[in-house]
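We name chains A, B, ... by the order of the sequence lines, and we start the count at 1 in each one. Not measured: the values here are computed from a predicted model.
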Amino acid sequence: MIEWSETKIKAFQQTLLDWYDHNKRTLPWRQDHNPYHVWVSEIMLQQTQVQTVIPYYLHFMEEFPTVQDLADAPEDKLMKTWEGLGYYSRARNLQKAARQVVTDYHGKWPSNAHDLQELSGIGPYTAGAIASIAFNQPVAAVDGNAFRVFARLLEINADVAKPQTRKIFEKVINKIISKDRPGDFNQAIMDLGASYMTATNFDSSHSPVRAFNQAFLDGIEDQYPVKTKKKRPVVHDYFGLVIRSDNGYLFQKRPSSGILANFWMFPLFDHQDLTDDQSLSKSALIQIVEAKMQSDYQLPIKLSQVLDKPVTHTFTHQQWKITLLEGRLPENVDLSYFPGKWIQPAVFDEMTFSKVQSKLWSAYQKRPSIS
DNA sequence: GAACCGTGGCG
DNA sequence: TCGCCAAGGTT
């Protein structure tokens, strides 16, 4: 890693902020520095691209204009507003934090990074972002952009995939950040990281800070940031049950923790949980599911495969391959042994579905007709 | 510290 | 198709 003199730091600040003043992106959450606006946008932007967030942010502010509205919101309305954005614990933590602000802080926001981190869903990055943008505190906001930009500018060789590396960047950036305009400085780094200094297909030769980019000047920019590779998603094979009666389709509520917590879905059976015998045929596996529905839930059901190919969905750490099975149950069958309920298609629009559930329903509706 | 937690876009 | 990436936090 190289180090900058005070003179060079001043020159960098001026170059960066001049560029930002003339080229900053116009974004809905940049119309003011209201901490509620800054906070909601920062949570939505976690691991999510700007273009994805914009419509969600606008809709969210229509539904919940103030932190009080968010604190008072019914959970189903909150989740419906978040539907499709992913990482749904963000939405739950958002409301937790809103209630913390309203009750514990009596509507008065904590105004420094340390206190902001006490709120649910606010970690080191988001605390720095809110403190600098909304409260003009001179603290670093180390996100993926900051890692990428400063790793290249200073040829920092620490592995940005390791948690401890953040402290190295915080220390460096806290020396370089503008003490007069910390919020603009942090946002300028983000705009730089989203334009001239992207992860791939970057355009360093036209960047406003190219003269400060040591890795570019040395022709080794593609070596930064240093980042170890992630592991591949683990594959899970499921049966997805599309079971109909005159009362609607059978849904099951997912566990309250883990992936897609509390979401309603078609019942899923992991092949791994059905048998240890890897050699069993698919029809044999289906018979096991039928027997399990009978013995565990007192539900007599005959299942048949609907589609040739499974519905696939890839998460960050898991890949699901779901083979759809179709069946029918008599009206008013006893559901008291099954952790689920019947839902009519007419009310699907009011439910919050995960993407994978939407895919299952969509694939089922497009199934070849038997007639 | 490593694993977990969604979705969409891109080469 | 696949791996990587995108304004990270929690456990």
Side-chain angles (χ1 to χ4, degrees), chain A residues 24-25 27-30 37-57 79 82-94 96-97 116-130 132-133 140-149 159-167 169-170 183 185-195 197-202 225 227-236 254-263 265 309 312-321 352-359:
Chain A
K24 66 182 171 190
R25 289 174 288 180
L27 299 169
W29 48 88
R30 285 184 175 176
H37 296 163
V38 175
W39 168 56
V40 171
S41 68
E42 289 300 339
I43 300 298
M44 287 186 171
L45 285 160
Q46 290 170 4
Q47 300 292 284
T48 311
Q49 298 196 41
V50 167
Q51 292 308 318
T52 302
V53 166
I54 289 174
Y56 279 93
Y57 176 83
M79 296 311 290
W82 204 269
E83 183 179 39
L85 201 48
Y87 285 139
Y88 296 95
S89 65
R90 291 186 296 176
R92 299 189 177 99
N93 284 329
L94 204 58
K96 268 189 208 166
L116 282 162
Q117 273 200 67
E118 297 302 310
L119 299 174
S120 298
I122 297 185
Y125 161 74
T126 305
I130 299 172
S132 62
I133 298 170
V142 185
D143 67 339
N145 290 305
F147 275 135
R148 192 167 56 251
V149 169
D159 181 358
V160 300
K162 294 194 179 304
Q164 58 194 25
T165 299
R166 182 177 50 79
K167 294 174 186 170
F169 280 75
E170 278 179 348
F185 181 96
N186 284 332
Q187 291 182 93
I189 295 298
M190 297 174 201
D191 281 18
L192 203 53
S195 56
M197 299 186 69
T198 49
T200 58
N201 300 325
F202 38 84
K227 183 190 287 189
T228 51
K229 295 185 193 306
K230 295 171 185 170
K231 289 196 289 187
R232 287 178 49 179
V234 177
V235 176
H236 289 270
R254 295 188 55 77
S256 58
S257 64
I259 196 165
L260 299 178
N262 295 325
F263 275 72
M265 287 194 67
K309 292 183 178 178
T312 66
H313 186 78
T314 306
F315 303 94
T316 308
H317 290 87
Q318 297 181 31
Q319 180 170 45
W320 289 5
K321 295 184 176 178
T352 301
F353 282 168
S354 63
K355 193 66 197 178
V356 62
Q357 172 59 32
S358 296
K359 279 189 191 177

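Among the heavy atoms of the strands, none lies under 4.0 Å from A:Q51. Heavy atoms of A:S41 sit nowhere under 4.0 angstrom from any nucleic acid atom. When heavy atoms are screened at a 4.0 angstrom cut-off, A:I133 is found touching no nucleic acid atom at all. Contact annotation for A:Q187: no contact, since no heavy-atom pair falls under 4.0 Å across all strands. Among the atoms of the strands shown, none is found under 4.0 Å from any heavy atom of A:G193. A:W39 comes within 4.0 angstrom of nothing in the nucleic acid, heavy atoms only. Within the nucleic acid shown, A:R254 has no heavy atom closer than 4.0 Å to any nucleic acid atom. Nucleic acid contact class of A:A129 (heavy atoms, under 4.0 Å, all strands): none. Contact annotation for A:R148: backbone-only contact, meaning every heavy-atom pair under 4.0 Å involves sugar-phosphate atoms and none involves a base.
Looking only at side-chain heavy atoms (C-beta outward), A:Q47 and A:Y87 come within less than 4.5 Å of each other.
Two residues, A:K162 and A:G258, neighbour DNA chain B, and the one matched to the more 5' nucleotide by heavy-atom proximity is A:K162. Between A:T316 and A:R166, the one whose closest nucleotide on DNA chain C sits nearer the 5' end is A:T316. Positionally, the nearest nucleotide of DNA chain B for A:A161 lies more toward the 5' end than for the other of A:Q47 and A:A161.
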N/O to N/O distances under 3.5 Å, protein versus nucleotides 9-11 of chain B:
none

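Contact annotation: A:Y88 side-chain N/O to B:dT7 OP1/OP2 distance is under 4.0 Å.
Listed by chain and residue number, nothing satisfies the ring pair (Phe, Tyr, Trp, His ring centres under 6.0 Å) test with A:H37 (two or more places apart in sequence, or in another chain). Under the side chain to side chain contact (heavy atoms under 4.5 Å, CB included) criterion, A:Q187 pairs with A:Y20, A:R30, A:I133, A:D184, not counting sequence neighbours. Remark: A:Y125 engages no residue in a ring pair (Phe, Tyr, Trp, His ring centres under 6.0 Å) (not counting sequence neighbours). Every side chain to side chain contact (heavy atoms under 4.5 Å, CB included) that A:A127 has, sequence neighbours left out, goes to A:A113, A:L116, A:Q117, A:I122.
For A:M44 and B:dG8, the CE to P distance is 15 Å, given to the nearest whole Å. One can place CG of A:L85 at 10 Å from P of B:dG8, the figure rounded to the nearest angstrom.
Taking the 5' to 3' direction, DNA chain C first and last meets chain A under 4.0 angstrom from a heavy atom at C:dG3 to C:dT10.
A salt bridge is absent between A:D191 and A:K24; no separation between the charged side-chain nitrogens and carboxylate oxygens falls under 4.0 Å.
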